[in-house]
Number of protein chains: 2
Amino acid sequence: MNRAYKEVQQITVAVDCLIFGFNDGKLELLLVHRGFEPERDRWSLIGGFVLNEEDLDEAAHRVLSDLTGLDDVYMEQVRTFGKAHRDPYERVLSVTYSALVLKKDYNDELVKSYQAEWFPIDGLPELIFDHKDMVDSAMQRLRRRIKSGPVGFNLLPKKFTLPQLQKLYEAILGEEIDKRNFRKKLNSMDFLVKLDEKDKSESKKGAYLYELDEEKYNHIKNFNI
Amino acid sequence: MNRAYKEVQQITVAVDCLIFGFNDGKLELLLVHRGFEPERDRWSLIGGFVLNEEDLDEAAHRVLSDLTGLDDVYMEQVRTFGKAHRDPYERVLSVTYSALVLKKDYNDELVKSYQAEWFPIDGLPELIFDHKDMVDSAMQRLRRRIKSGPVGFNLLPKKFTLPQLQKLYEAILGEEIDKRNFRKKLNSMDFLVKLDEKDKSESKKGAYLYELDEEKYNHIKNFNI
DNA sequence: CCAAAAGTGTTGACGATACACCCATGT
DNA sequence: ACATGGGTGTATCGTCAACACTTTTGG
């Protein structure tokens with residue numbers, strides 16, 4: 001390894017954010033509409049370039065905030081796309097980040113004002129470059145993550161109902177889950193606290209609200225749904 | 001997103017390769033000794049810079065080949081390290097790749113002639129920059145991968161014995177596995193072909209050699225060890 | 001009073017683990 | 001003949017999946 005740094009080719013580095021939103025039992029993805037060349041009028045992930053003095057993670061948060069107004073989103077790096085000609089205009093390396101949020105926690109108007117828009121995950125428009133591959137790889141990861149680790153909780157509202165939680169899992173996994181088995185498993189892991197409140201927004205009977213026992217939640221050994 | 005590409009900061013991009021080697025029941029990692037400044041005389045992962053017209057994956061293979069003489073190694077991307085000051089001399093973004101090889105499949109002399117050296121995974125020297133973090137993250141991934149998917153097979157020699165395979169799993173997982181249960185599970189997945197040959201290099205009795213049934217191997221649904 | 005969603009237990013099947021002895025061979 | 005590693009089966013336990021009815025309440 002010859003560290004003649006200055007003689008080495010430098011590359012433009014971007015971050016692309018995959019913001020999955022959950023709302024009304026459906027999983028959606030946040031995209032931005034390109035009102036400029038190149039690739040005008042097509043849809044793309046939320047992306048931008050990494051600045052000089054910026055950590056990669058910071059760049060992802062800044063880009064997301066700049067393009068959608070969303071702050072304080074918990075994101076994880078997914079993978080890096082680096083084919084030499086993935087962007088036909090100029091070489092750009094892209095590191096992808098993924099997050100899952102509850103749409104209703106965020107201001108829909110704000111998002112709209114940034115020309116960003118939610119699309120159902122199974123009805124995405126055509127995307128630029130290799131962004132579809134990015135979606136696929138992030139979805140794959142999300143499915144794995146949510147099954148085998150406490151994820152999908154960093155993103156829940158403080159209080160939530162079990163039917164809501166179950167629908168979230170169903171939307172991500174793309175399959176139905178048995179109510180009783182689902183509850184049984186959650187109960188056995190013992191990190192949910194049942195509250196005395198009910199949420200009646202989604203049914204007449206109303207569903208009990210739960211919250212996390214943070215302490216227990218952070219020390220789960222065998223999470224598995 | 002303003003695509004004024006040329007005005008955007010460009011960044012030096014490196015790949016760092018984590019080559020895990022299995023030999024004699026032990027897991028080792030291949031490192032190179034730095035005979036030059038900066039950080040002379042310290043050890044580092046096998047790394048190099050990504051060239052202009054080179055896919056990221058290609059770069060990883062080239063760097064590995066250039067620094068160790070190893071070719072045709074199956075590598076997978078792990079994650080990208082992008083703190084602004086992870087390399088104190090200049091900003092370098094690093095994408096890590098990981099592989100698992102059988103040491104004896106490769107020419108040890110050749111590797112040595114490149115000033116590369118194998119170290120036991122639990123006796124690594126101090127590494128430069130954030131390379132220790134890279135090792136940790138790659139080990140974590142390796143453990144996950146080997147449990148829940150047919151990995152550790154892309155890297156096996158054509159023919160191998162079950163005791164060898166078991167020791168590989170034990171070395172990676174860091175725990176002992178019951179012989180009978182291990183064999184039972186492999187058998188149930190039905191992708192191993194028992195040969196009529198024995199390998200006597202590791203015992204007097206000799207152990208039967210096996211090979212993969214490629215067809216079945218590529219269509220395993222529930223791999224789980 | 002009825003529609004719509006919430007809540008609640010049991011059983012059977014399967015997979016995971018624990019466990020001990022004989023076999024083949026080179027020295 | 002003995003030391004060394006290779007090979008084999010069974011019993012038990014825990015985990016996962018399948019399955020149906022009662023409760024609450026707004027309209």
- Message: I need the residues from residues 193-201 of chain B with at least one non-hydrogen atom less than 4.0 Å from DNA chain C; give them sorted by number, or say none.
- Response: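 Under 4.0 Å from DNA chain C: B/Lys200.
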
Do [X] and [Y] have side-chain atoms, one donor and one acceptor, less than 3.5 Å apart?
| X | Y | answer |
| --- | --- | --- |
| B/Asp57 | B/Tyr97 | yes |
| A/Thr96 | A/Asp16 | no |
| A/Asp71 | A/Ser65 | yes |
| B/Tyr217 | B/Glu215 | no |
| B/Lys184 | B/Asn181 | yes |

- Message: Contact between A/Leu30 and A/Glu117 at the side-chain level, heavy atoms closer than 4.5 Å - yes or no?
- Response: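 Not in contact.
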
- Message: For the helix from C/dC1-D/dG27 to C/dT27-D/dA1, what angle separates the axis at the start from the axis at the finish, each from five pairs, in steps of 10°?
- Response: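 Computed angle between terminal axes is 0°.
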
Among [options], find the nucleotide with the atom closest to the side chain of [X].
| X | options | answer |
| --- | --- | --- |
| B/Lys184 | D/dT4, C/dT17, C/dA6 | C/dT17 |
| B/Lys205 | D/dG6, D/dG26, C/dC19 | D/dG6 |
| A/Pro163 | D/dC19, C/dG7, C/dG26 | C/dG7 |
| B/Lys185 | C/dA16, C/dA6, D/dG7 | C/dA16 |
| A/Asn181 | D/dA18, C/dT8, D/dG6 | D/dA18 |
| A/Asn224 | D/dC16, C/dC23, C/dG7 | D/dC16 |

Calculate the interatomic distance between [X] atom [atom1] and [N] atom [atom2]; express it in whole Å.
| X | N | atom1 | atom2 | value |
| --- | --- | --- | --- | --- |
| B/Met189 | C/dC14 | CE | P | 18 Å |
| A/Asp178 | D/dA20 | CG | C1' | 11 Å |
| A/Lys147 | D/dC16 | NZ | P | 12 Å |

- Message: Please compare A/Lys204 and B/Ser203 by the position of their nearest nucleotide in DNA chain D and report the one closer to 5'.
- Response: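 First, find each residue's nearest nucleotide; the 5'-ward one identifies B/Ser203.
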
- Message: Should the side chain of A/Arg180 and the base of D/dA20 be counted as holding a donor-acceptor pair, with the cut-off at 3.5 Å?
- Response: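 Counting by modelled atom types and ignoring angles, a donor-acceptor contact under 3.5 Å is found here.
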
- Task: Tell whether B/Lys179 reaches the base of D/dG7 with its side chain through a donor-acceptor pair below 3.5 angstrom.
- Result: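 Under the 3.5 Å cut-off, the side chain and the base do form a donor-acceptor pair.
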
- Message: Taking A/Lys194 first and then A/Glu211, would you say they form a salt bridge - that is, a charged N and a carboxylate O separated by under 4.0 Å?
- Response: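 No, this pair does not count.
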
- Task: To the nearest 0.5 Å, tell me how far A/Phe20 CZ sits from A/Leu168 CG.
- Result: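 If I round to the nearest 0.5 Å, the distance is 12.0 Å.
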
- Query: Using 30° and 60° as the class limits, which term best fits the ring planes of B/Trp43 and B/Phe119: parallel, tilted or perpendicular?
  - Reply: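 Rings of B/Trp43 and B/Phe119: perpendicular, over 60°.
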
